[in-house]
Amino acid sequence: MSFLFKLLAMLPLRVLQLLGAGIGYLTFKFASELRERTYENLRQAGFTQPHFLDRLGRGAGRQSLESIWVWYRDTATVLSRVEVDPASEALIDQVMDTGRPIIFMTPHVGCFEVLPVWFANKYFEKTGRNISILYRPPKNAILRKIVGEARQSPGIEACPTTIVGVKRVIKNLRQGHTFGVLPDQVPSAGDGVWVPFFGKEAYTMILPVRLAKQVDAIRIFAWAKRESHGWTLHAKEWSDPLTGDLEQDATMMNKEIEDIIRQMPEQYAWGYNRYKTPSGARPKKKKS
């Protein structure tokens, strides 16, 4: 499997994206459950324009295969396809100079695998500060090994979504390092709260807001928009004070994510089962 991924990554990025678009289109066409969930999530968010529906399958396919390209290409090649919004780069430079721990929150938009590569290349050697990223290990043992190893590189510490992994993230933050997380990923039972996401209750992770409060971390939303050349990185600081009330803070976080998605809705992973109830989690009681 690793050999196959490496072969795929040898293809030019544009070719791999076209291949992914084709696979995504066919998957979207024949997987009725995925298609209906995508339609429902779009309707919930108020995006009913026909052109969104036509392009989403292709976009999801591009997102999947370009991640493999990022994992298995050398850093210089990946970064040759990355541009950085000047204001966003200035913001990250500024917060890095503070020496405080930083939590980067990267929603499922564009190519979220690019940020750690860019960050580690620019800051690790210069500052010694790494970025920890949490990933959910696949159930398949071979894929689990591949995904874990592919994300590891100098300046990037990939940690599984286990107690051991989370403890490692906390230790790194206390040492002044940084942490990258997908804030719109559905957490395991006990690790989230039910709060609105595009007007519908969604089980939402509390780890980013809890850790930010615990270690007094700077909070930065970052995303990589897919462009003709590759991707453009953007960032904004989330400076609203955290209350310590997890439901209130998670609600604020979801609103920030919604604002980012509205800027590039055609690049969001609408097929993701964002409103599922994780195994063992209690559905939120409806108000009488």
Side-chain angles (χ1 to χ4, degrees), residues 70-71 75 91-108 112-138 141 143-193 203-223 233 235 237-246 249-250 252-253 256-257 278:
V70 172
W71 292 348
T75 300
L91 169 64
I92 297 175
D93 284 344
Q94 178 184 341
V95 298
M96 284 294 291
D97 285 343
T98 68
R100 290 172 57 192
I102 303 168
I103 295 179
F104 289 99
M105 289 171 278
T106 308
H108 286 84
F112 42 85
E113 300 284 358
V114 168
L115 175 68
V117 177
W118 172 81
F119 177 89
N121 179 75
K122 178 167 184 182
Y123 296 107
F124 179 58
E125 185 174 342
K126 181 169 62 175
T127 69
R129 300 174 72 182
N130 68 26
I131 182 167
S132 303
I133 56 173
L134 279 179
Y135 71 97
R136 183 166 293 168
L143 282 177
R144 188 162 56 246
K145 185 174 187 294
I146 290 172
V147 170
E149 290 181 353
R151 286 185 163 109
Q152 297 276 14
S153 64
I156 303 175
E157 183 169 358
C159 305
T161 51
T162 61
I163 294 296
V164 172
V166 173
K167 285 183 176 179
R168 184 63 190 172
V169 168
I170 295 172
K171 181 178 180 181
N172 285 346
L173 284 171
R174 291 193 182 282
Q175 292 176 344
H177 295 294
T178 72
F179 170 42
V181 62
L182 295 163
D184 53 341
Q185 185 168 343
V186 179
S188 301
D191 296 328
V193 291
Y203 199 61
T204 300
M205 68 163 59
I206 54 178
L207 183 64
V209 293
R210 174 179 277 169
L211 289 184
K213 185 76 171 175
Q214 184 177 339
V215 303
D216 189 29
I218 296 172
R219 291 159 281 136
I220 301 290
F221 277 99
W223 61 98
L233 290 179
E237 184 175 3
W238 178 26
S239 56
D240 294 333
L242 295 176
T243 67
D245 180 308
L246 293 176
D249 292 341
M252 290 193 297
M253 181 178 73
E256 294 287 335
I257 296 170

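Residues Pro278 and Ala189 share a closest heavy-atom pair of CB-N, 4.0 Å. Across all their heavy atoms, Met105 and Met253 have their closest contact at SD-SD, 4.0 Å. Minimum interatomic distance between Glu256 and Asp240 (heavy atoms only, all atoms of both residues): OE2-OD2, 3.8 Å. The shortest non-hydrogen separation linking Ile156 to Ile133 is CG2-CD1, 4.0 Å. When all heavy atoms of Cys159 and Arg168 are compared, the closest pair comes out as SG-CG, 3.9 Å. The two residues Pro107 and Asp184 have their closest heavy-atom pair at CA-OD1, 3.4 Å.
Ring pair Phe112/His108 is perpendicular by interplanar angle, where above 60° counts as perpendicular and below 30° as parallel. Between Phe221 and Trp238, the ring-plane angle classifies as tilted under the 30° and 60° cut-offs.
Here Phe104 contributes atom CZ and Ile218 contributes atom CD1; the two are 9.0 Å apart, rounded to the nearest 0.5 Å. Distance check, rounded to the nearest 0.5 Å: CG of Leu211 to CD1 of Ile103 gives 5.0 Å. Atoms CD and NZ, from Glu157 and Lys171 in turn, are 9.5 Å apart once rounded to the nearest 0.5 Å. Here CZ of Phe119 is found 3.5 Å from OG1 of Thr178. Values are rounded to the nearest 0.5 Å. The CD atom of Gln94 sits 7.5 Å away from atom CD of Glu237, with the distance rounded to the nearest 0.5 Å. Rounding to the nearest 0.5 Å places CG of Asp249 at 7.5 Å from NZ of Lys213.
Here the side chains of Gln214 and Arg174 are in contact, with some heavy-atom distance below 4.5 Å. The shortest side-chain heavy-atom distance between Trp118 and Leu115 falls under the 4.5 Å cut-off. Two residues are said to be in side-chain contact when any heavy atoms from C-beta on lie closer than 4.5 Å; Val181 and Met205 meet this criterion. Using a 4.5 Å heavy-atom cutoff, the side chains of Gln185 and Leu134 are not in contact. Between Leu207 and Pro187 there is no side-chain heavy-atom pair separated by less than 4.5 Å. Considering only heavy atoms from C-beta on, Trp223 stays 4.5 Å or farther from Val114 through its side chain.
In this structure, the side chain of Arg129 engages the main chain of Met96 through a donor-acceptor pair within 3.5 Å.
Under 3.5 Å, the side chains of Asn172 and Ser132 contain a donor-acceptor pair of N or O atoms.
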